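Everything on this sheet refers to the single structure shown next.
As the structure is a prediction and not an experimental result, all values here were calculated from the model.
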Amino acid sequence: MTPTARIMPKPFRPVTLGIVGGGQLARMIAQAAFRLGCDVIVLEKDRHSPAANLATRTIIGDWDDPDALIDLGRRVDVVTLENEFVSSESLSALEKTGCRLFPSAACIRTVQDKLVQKKALAAAGLPLPRFQDTPSPDDVAKTMELFGGSIVLKKRRNGYDGKGNATIDHPDQVAPAWDKLGGGANELFAEEFCPFERELAVMLARGKNGDTVIYPVVETIQRDHICHVVTAPAELDTKTRARAEETARAAVDAVKGVGVFSVEFFLCSSGNLLINELAPRVHNSGHYTIEACRTSQFENHVRAVLGWPLGSARQLVPAAVMINLLGAGPGDGAPLGLKDALAIDGAHVHVYGKSASRPGRKMGHVTAVGSSAEEATDRARRAAESISFGREEAVREPIPSEKRRASR
Ligand code: ADP
């Protein structure tokens, strides 16, 4: 009698997602992709980046190097980005090889230059602060006169956490602001200063077919131009909420975005809602969606770029508050006080696994949920105050198994 032939299952080839960049945003996209059974390949300069530490594989290389991008592209099904600071020429070269890239090189080209982005949004009839191209310091002075008040001079490209901005309240400040931002070598433009009452943000996921899901409008509070606290949902009247949602949808439609996008707004005392900027990626103001929404921004980004159905963006808890955990000083990336933070009911701690802390560097975040904004704020504050990175005394306590090994 012949032995019964064993039917071997066919080897399973997971869908593979390529991510350009290896920071915390890539790490959280990767975590969502793994949950859906994907493999993840990261392209990043640093061997020990937050995403490289857990990716299926890492290609060590420069984002702007077309050869490195093409190498990534031929190993994966779809390429996406964790930030918009990648050369759009290199992204076009990648697309020309037939690689599927979302958002597309054309979309990134429009969004990564804040002036081109604003022109595209203005052409779509969307509300923005007045802005003006300023190729020389003379143009900055003229723009100040034209707008009749303070202006914000901004780098067109590569600005983040306010580092590419300078506020000018007096004509004497034009020259120092121009020098501070490296005017000439860097292209700059000017925008009227908006004495806003509040800052709002809307995250949304847009699929290849234009289907869109919109997350709740949130309020963001910046400290030193860095997103510090996010409260979801923002306390708003129904009209303003609807206007923010529809404007955000129209903004992402205008740049034909695919994936998750963030649209940041200024809410003025007049009730005017102006777009500050669009980010073509998952965003700090959407981290709260991991715990608070039916589908996180990271999972919806993976779904959108892979062409899978989008999940509901509905918030499942009455309130959620996210607070960023920034490095207090130089040191390693280990958190001090983690146990105290974990003892707080309703608070969820995220540590990014960065190898070094620096003052002001984003090292992790806390999201707390609650039955009211007050309760969520109190929980998030207490958790965030318990944890620190890069303080003198932040020597990591050995975890129990290490203690055992050490004592053997
Ligand atoms: P980045 O792209 O570096 O995050 P933004 O241009 O979004 O920089 O500016 C960072 C912060 O600076 C904004 O969240 C807001 O608080 C402030 N800001 C930017 N532009 C203006 C403006 N036109 N008027 C008033 N405040 C502004």
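When only modelled atom types and interatomic distance are considered, His350 and Gln24 share no side-chain donor-acceptor pair under 3.5 Å. Counting only N and O atoms by type, the side chains of Glu299 and Thr295 include no donor and acceptor under 3.5 Å apart. For the 3.5 Å distance criterion, the side chains of Asn300 and Tyr215 qualify, holding a donor opposite an acceptor. With 3.5 Å as the limit, one finds no donor-acceptor pair spanning the side chains of Asp64 and Ser90.
Comment: Arg281 engages Glu84 in a salt bridge, judged by a side-chain N to carboxylate O separation of less than 4.0 angstrom. In this structure, Arg241 does not pair ionically with Glu245, as no charged nitrogen and carboxylate oxygen lie closer than 4.0 Å. In summary, Asp77 and Arg13 engage in a salt bridge, as defined by a charged side-chain N under 4.0 Å from a carboxylate O. Residues Arg130 and Glu191 are not paired through a salt bridge, judged by the lack of any N-O separation under 4.0 Å between the basic side chain and the carboxylate. A salt bridge links Asp71 with Arg74; the closest basic N to acidic carboxylate O contact falls under 4.0 Å. Salt bridge Asp211/Arg206: absent, no basic N to carboxylate O contact under 4.0 Å.
Annotation for Arg109: atom CZ counts as buried by contact number, over 12 foreign heavy atoms lying within 6.0 Å. For Glu235, the CD atom counts as loosely surrounded, since its 6.0 Å shell holds 12 or fewer non-hydrogen atoms of other residues, nucleotides or ligands. Counted within 6.0 Å of CZ on Arg198, heavy atoms from surrounding residues, nucleotides or ligands total more than 12; the atom is thus considered enclosed. More than 12 heavy atoms of other shown residues, nucleotides or ligands fall within 6.0 angstrom of atom CG in Asp172.
Summarising the geometry, atom CH2 belonging to Trp308 is positioned 4.5 Å from atom CG belonging to Leu306; distances are rounded to the nearest 0.5 Å. Distance check, rounded to the nearest 0.5 Å: CG of Leu121 to CD1 of Ile275 gives 5.0 Å. Within the model, atoms NE2 of His283 and NE2 of His301 stand 13.5 Å from one another, a figure rounded to the nearest 0.5 Å. Note that the OG atom of Ser388 and the CG atom of Leu326 stand 12.0 Å from one another [nearest 0.5 Å]. Taken to the nearest 0.5 Å, the CG atom of Leu115 stands 9.0 Å off from the CZ atom of Arg157.
Contact between Ala313 and Ile214 at its shortest, heavy atoms only, is CB-O, 3.5 Å. In terms of heavy-atom proximity, Thr80 sits nearest to Pro103 at OG1-CD, 4.1 Å.
In summary, the aromatic rings of His365 and Tyr352 are positioned with their centroids under 6.0 Å apart.
Relative orientation of the Phe298 and His287 rings is tilted, given thresholds of 30° and 60° on the angle between their planes.
Scored by the side-chain hydrogen bond (donor to acceptor under 3.5 Å, both in side chains) test, Glu246 finds Arg249 as partners (sequence neighbours excluded).
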